[in-house]
Structure formats: C-alpha cells, structure tokens
Number of protein chains: 2
Amino acid sequence: MTLLLGHAHEKTIQRTESFFHAGDAAARCFLLLEGHLKLGQITPAGEQGAARLIAAGDIFGWAGLMDDHSYPGTAEALTACRALWWETERMRQTLLATPHLALRLLALLGRRLREAESRLLDLATVRVEQRLAKALLRQPADLPLPLTRQDLAELCGTTLYTVSRTLRAWEQAGWLRLGRGSLRVLSPPALAALIQGPDAS
Amino acid sequence: MTLLLGHAHEKTIQRTESFFHAGDAAARCFLLLEGHLKLGQITPAGEQGAARLIAAGDIFGWAGLMDDHSYPGTAEALTACRALWWETERMRQTLLATPHLALRLLALLGRRLREAESRLLDLATVRVEQRLAKALLRQPADLPLPLTRQDLAELCGTTLYTVSRTLRAWEQAGWLRLGRGSLRVLSPPALAALIQGPDAS
DNA sequence: ATCGGTCTTTGCGCTGGCGCAAATAACATA
DNA sequence: TATGTTATTTGCGCCAGCGCAAAGACCGAT
C-alpha cells in the first residue's frame, strides 16, 4: 500500500476539462478522489456515442494495463475533479508486487463488465422510457450533476430529442423538476414503477 | 503454472448441455479447450436476452472471483465442449501466489470490457443490418456453428424475425447460403461494404 | 443591457423494426 | 413411414423513437 501511494501523482481539473481524450496514448491510470466525470465514447463517424459516469472512489483510464495502447474514450469532468494517477508501467510493477491489489482490481473490473452486459441486455430488451428512469434513479437523489439532455441520451442509448420529450412529460406529471443542466427527482417511486412496466397499473 | 494445472479439473459436455445456469452459485471458473458455447443472459421477465460466444482458448464463468456469488448468465454448448475448471476459492489463492497470472487475467477482462462497451456503442448508434453483418464476419469463415435465428438475434440485439428477414434478403442477393442452424458466408466483401453504410454506393 | 453561444423544447413526418399469427420446412424418434 | 417437435419464413399492421428545423430559454461576458 505504501508502494502504491508512494508513486501516486495528483491532478485537478475543472468542469469541461478532460483527464484524457479518446485515442491518447494510455500511459496513465486514474483513481477519482473528488467530483464526477463522464467517460464518453465516440462513433467512428465522430459523433458522441455511449457514455458512463464515474464517481469519487471509482477508477478509470486503465486501458493501458490491458495491452491497449490508447484510451477508448474521453474522460471529461462534469464537476471539478481531483484524481490520483500512476504511470501505467509502474502500476504494472506494483500489481506484480502486491497480488491482493491485483485481485481487488480484478473484482472492480468484473463489476464493470457485468454492469456493461446488463446495460446491453437493457438496451436490447427494454424501452427508452425505462432505461431513462433507471439512469435517473442510479444517480444521487438530488442529482446536482450538470448533465445535458445529450449526456443523458448517451447514458441510456437514445437521442437528446427523446430524452427532452420524456423528461418534460415527467415534469408535467410532477415527478421531477427540470432546469438547464439540472434535474431533481421529486418522486422516485413513480419512476421505479415505470421500470417495472408502464402497463402494470 | 504447475500450481495452476495441478488443481485443474476437466469436464466435457454435449451440445445443448450447460456448464452452468444463470443464478447458480459461482463456485467454479472455466477455460474452454474445445468447442463453442453461448453465454446467454435472461431478462427479468424470463426471456432470452443478450448473448456472447465463447471459443476455444477463452475463459468464462469467472464471476465468482469478483465478489459475485452467482453466475449472471448461462453457458450452453453449441458444439461438444471440453473445458478445464477450478474451484473459485482455490483460483483466488493461485492468483495471489502467481501475480503475473493475475495480470494476464486482468488483460483478458479488460479486453472483454472494451468489447462490451463497443457493442453498447453499436447498439445505440448503428442499424440492425450492420450489427448483424458484423456478427457474421466475426465468426469463423465457414461458420459451422449451429446458431439459430434466435441466437443471432441475441448476439446483435434484435429479434429473430428481423434476423430471418435480413438473412433471407442476403441469401437472395447471393451473399450467403442458409440452412436450418447453419450459414455460410459466400461474399464477405459484400457484408463488409454494408458495415460501412448501405448508402455508400 | 445587450449580444452570442449553448441548451432545450416541440411540431411534424417518417420509417425501421417489432411481433402476432399462420404456413411451411427440417429434423428426430420410434 | 408416420408423427410430434422445433426452426424458419413471411404477410400484415402498427408504433416507438428518430431527426430535421425552428423557436424559445438560459447563461456568461463585456
């Protein structure tokens, strides 16, 4: 553990800045200490595609450890972020020297993998409405995150238009309150009910 | 390495049999030596959902190592399969004792994770036609795998109806030959062209 | 206050893909 | 060869969601 911390660097960035961009050489791996960021993928055509949120305590940017030489996504801060980082090569050494750390990492990655596969399942079998509800409920209750409609669309695999229309309908039902880049869920139960299925009265 | 092999068990199953089912206690982890199998997820409603193929040389069923106590999916043999397996607990010990193995595993998992996220991106941004074409091209050229239309649908996130219609159209265009649970791609270039975009002449 | 940029909403038309239902084809078993 | 089972095809209708375009709303900076 001292070995780990001894080699750590620290970096702070502001909202809209990035720790790295898709395609950059994957020479560092990160642990987020404070803030929230968006890990976004780009389509071959260059548009924004899927995205994931990273919260304090999560790791990100570990592609370099896995034989990959560039980051597959962009790590953009949604709020001011403070993170620890290590050089990928040195981290590899550290992991070899402290196997229980490697196991810990394995567990984290495994969780991510299952998360991703669960999202795949949802994307293939579940309606936008329900995916969006899930995405909202996953967030901290008051959700101070400055997520644009576009961000939400990427998070649940749809378009900003559909997100806007759906959120608006929910606002008019009194289930949440919208603002520009802000959103407060007033009635989590209502959303939770939607997830089960809109047809279930 | 001798430590690893020393604790290995072997198991062989026939087509349509399974190494484990979704929900089973995740007490073992596997390495496929021969054959092909389908790792399929089930929706909460009980229907078939997404799926992934596993080929000889791939590992599967490692959920237990990652703090998960049951398998998230079902591992069903598409062809006769032979696999090595270890008790999850013992594998954990082995990994602690042989860090480079843990790193190797980390790399494998990382590749999987990126694969899954790439599929997410596709699912959100790309048409069924193109996803299906990709799925076919990923397979061994002659594709002796007995994949049903339902299987293919799960692999690329659509329905068996759409798969059937699409494949039929391609067969009539002369790009492949269909059979019950068999499929031979006659013109990979034609499919590859489709992936770039049907509008590109 | 004003201006420019970004984000959001909403009308409108359209279509890709879903999914039931029913016919057909391929296989397995005895 | 007959019979039940499972896989596949296809007609048909339908609708969720897309995406352009244009109009607002909000924000920050000067």
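Owing to the predicted nature of the structure, the values given are computational and were not obtained by experimental measurement. We name chains A, B, ... by the order of the sequence lines, and we start the count at 1 in each one.
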note = The first and last nucleotides of DNA chain D lying within contact of chain B, meaning any atom under 4.0 Å from one of its heavy atoms, run from D:dT6 to D:dC12
ask   = Are OP1 or OP2 of C:dC7 and a side-chain N or O of A:Arg149 less than 4.0 angstrom apart?
value = no
task = Indicate whether OP1 or OP2 belonging to C:dG16 is found under 4.0 Å from a side-chain N or O atom of B:Arg127.
result = no
inquiry  = Students often get this wrong, so: under 4.0 angstrom with heavy atoms, is A:Ser164 touching a base, only sugar-phosphate, or nothing?
reply    = base
ask   = In this structure, are over 12 heavy atoms from other groups packed under 6.0 Å from B:Arg82 atom CZ?
value = yes
request  = Select base, sugar-phosphate, or nothing to describe what A:Arg180 touches, counting heavy atoms under 4.0 Å on all strands.
outcome  = base
note = Assert: residue with more 5' nearest nucleotide on DNA chain C, out of B:Thr162 and A:Thr148, is A:Thr148
query = Rounded to the Å, how far apart are A:Trp170 CH2 and C:dT8 C1'?
reply = 17 Å
query = How close or far is atom C1' of C:dG17 from atom CZ of B:Arg131, stated in whole angstroms?
reply = 10 Å
query = So do the side chains of B:Val126 and B:Ile195 get within less than 4.5 Å of each other, counting heavy atoms only?
reply = no
Gap between atoms CG and P, on A:Leu183 and C:dT8 respectively (whole Å) = 10 Å
Nucleotide C:dG16, atom C1' - distance to CG of B:Leu132 in whole Å = 15 Å
message = Can you measure A:Leu123 atom CG to C:dC18 atom C1' for me and round it to whole angstrom units?
response = 16 Å
message = Rounding to an integer number of Å, can you tell me how far B:Glu154 CD sits from C:dC18 P?
response = 13 Å
query = When the aromatic ring centroids of B:Trp85 and B:His9 are compared, is their separation below 6.0 Å?
reply = yes
task = Walk me through it: do B:Arg114 and A:Met66 pass the test side-chain contact (heavy atoms from CB on, under 4.5 Å)?
result = CA-CA 10 Å; B:Arg114 253 164 302 114; A:Met66 334 272 162; 3.4 Å; yes
Ring geometry between B:Phe30 and B:Phe60 (parallel below 30°, tilted from 30 to 60°, perpendicular above 60°) = parallel
query = Looking at B:Arg131, B:Arg138, B:Lys134, which hits salt bridge (Lys or Arg N to Asp or Glu O under 4.0 Å) with B:Asp122?
reply = B:Lys134
ask   = Are B:Leu155 and B:Leu132 close enough, and set up right, to give a side-chain contact (heavy atoms from CB on, under 4.5 Å), and what steps lead you there?
value = CA-CA 8 Å; B:Leu155 283 176; B:Leu132 185 53; over 6 Å; no
message = Both A:Gly179 and A:Arg165 contact DNA chain C. Taking the nearest nucleotide for each, which residue is further toward the 5' end?
response = A:Gly179
ask   = Just how far, in rounded Å, is C1' of C:dG17 from CD of B:Glu129?
value = 12 Å
note = Between CD of B:Gln48 and P of C:dG19 the distance, given in whole Å, is 15 Å
